[in-house]
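Side chains included, hydrogens not; waters and symmetry mates left out as well; all remaining heavy atoms used. Please read all numbers here as calculations on a predicted model, not as lab measurements.
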Amino acid sequence: MFFGDSITDGNCSTPDANNRWPDHIAKRLQEANRKVAVVNEAFSGNRVLTDGMGVNALARFDSDILSHPKVSTVVLMMGINDIGWPGENAITPDDKEPTAQDIITGYKQLIDRAHAHGVRIVGATLTPFADTFKGIPTEGYYTPEKEKIRVAVNEWIRTGGGFDGVVDFDKVMEDPAKPGYLRDDYDCGDNLHPNDAGYKAMADAVDLDVLLGSAK
């Protein structure tokens, strides 16, 4: 199961073309003859800690993930909206800006709840977002201070030992010449969401054995 926000929901991908990264994962699993069902429980604007464009991840985890029969693994990619939405000229300027530790604490709660139900949980790093929405009223979604939070959250995902596996989308999507920025050839134009090529690159970078818990 895939649990996330607009990037997992496939925002900016070609409509009705099944070009979201979980769609490509499903195709890879089928081609590898892995008899695994794929369910995408993502929606645009979702946050770990706070309601926004829908109910927050902590509140919907039981109904949207744990209620599914025979769920074995959930892949979590969420947190960039927790970082980006609050603050001056951002989407929810009156919301309290979270610290990296606030988001990590939310992750730990989701991990504990998954494990309590015998479900593996794989963490995906947050992709680059420098200059997101630059030049429009919500350009405060990104600031250098928020970038520091993203970097700290990603470091915990990679090294904190809480997740049963890690998918490092940050490294896949970052422009090697401009740290903190999406690669131009993977950017749909808003400096946040991938295009079709970007979503496919994300899926191609996933080790299916890590996803399924069979990595050595």
Exercise: identify the closest heavy-atom pair between [X] and [Y]:
X      : Y      : result
Gly198 : Asn195 : N-OD1, 2.8 Å
Val75  : Trp21  : CG1-CH2, 4.0 Å
Thr92  : Arg47  : OG1-NH1, 3.6 Å
Ala100 : Ala152 : CB-CB, 3.7 Å
Pro194 : Cys12  : O-CB, 3.5 Å
Gly79  : Asp5   : N-OD2, 4.1 Å

Gap between atom [atom2] of [Y] and atom [atom1] of [X] - 0.5 Å precision:
X      : Y      : atom1 : atom2 : value
Asp102 : Lys96  : CG    : NZ    : 5.5 Å
Met173 : Tyr199 : CE    : OH    : 8.0 Å
Asn19  : Lys27  : CG    : NZ    : 9.0 Å
Thr127 : Phe129 : OG1   : CZ    : 9.5 Å
Phe43  : Asp9   : CZ    : CG    : 9.0 Å
Ile7   : Leu126 : CD1   : CG    : 8.0 Å

Pairing of [X] and [Y] as salt bridge, 4.0 angstrom limit:
X      : Y      : answer
Asp204 : Lys200 : yes
Asp168 : Arg158 : yes
Arg150 : Glu147 : yes

Check for me, please, whether [X] and [Y] land in the same ILVMFWY cluster - side-chain distances under 4.5 Å, paths through other members count.
X      : Y      : value
Val122 : Leu208 : yes
Val38  : Val167 : yes
Ile91  : Ile149 : yes
Val151 : Tyr142 : no
Val119 : Ile121 : yes

Would you say [X]'s side chain and [Y]'s backbone share a donor-acceptor pair under 3.5 angstrom?
X      : Y      : value
Asp82  : Leu49  : yes
Thr125 : Asp170 : yes
Lys134 : Glu139 : no
Arg113 : Leu58  : yes
Thr8   : Gly4   : no
Arg28  : Val206 : yes
Asp51  : Asn56  : yes
Glu41  : Phe2   : no

Indicate yes or no: at least one non-hydrogen side-chain atom of [X] is less than 4.5 angstrom from one of [Y].
X      : Y      : value
Glu97  : Lys146 : yes
Met202 : Met77  : yes
Lys108 : Trp156 : yes
Asn81  : Thr50  : no
Leu212 : Leu29  : yes
Pro98  : Pro86  : yes
Ser72  : Arg120 : no
Arg183 : Pro176 : yes

Exercise for review: Apply side-chain contact (heavy atoms from CB on, under 4.5 Å) to Ile25 and Arg20, showing your working.
Suggested key: CA-CA 9 Å; Ile25 292 288; Arg20 298 163 295 188; over 6 Å; no

Review point. So does Gln101 have more than 12 non-hydrogen atoms from other groups sitting under 6.0 Å from CD?
Key: yes

Check your understanding: Is the number of heavy atoms from other residues, nucleotides or ligands within 6.0 Å of CD (Glu31) greater than 12?
Key -> yes

Strictly by modelled atom types, are [X] and [Y] linked by a side-chain donor-acceptor pair under 3.5 Å?
X      : Y      : result
Asp164 : His115 : yes
Tyr141 : Asn89  : no
Asp190 : His193 : yes
Asn46  : Arg60  : yes
Asp196 : Ser13  : no

Practice item. Please name the residue in the list Asn191, Asp187, Asp175, Asp131 that meets the side chain to side chain donor-acceptor pair (under 3.5 Å) test with Tyr181. Key: Asp131

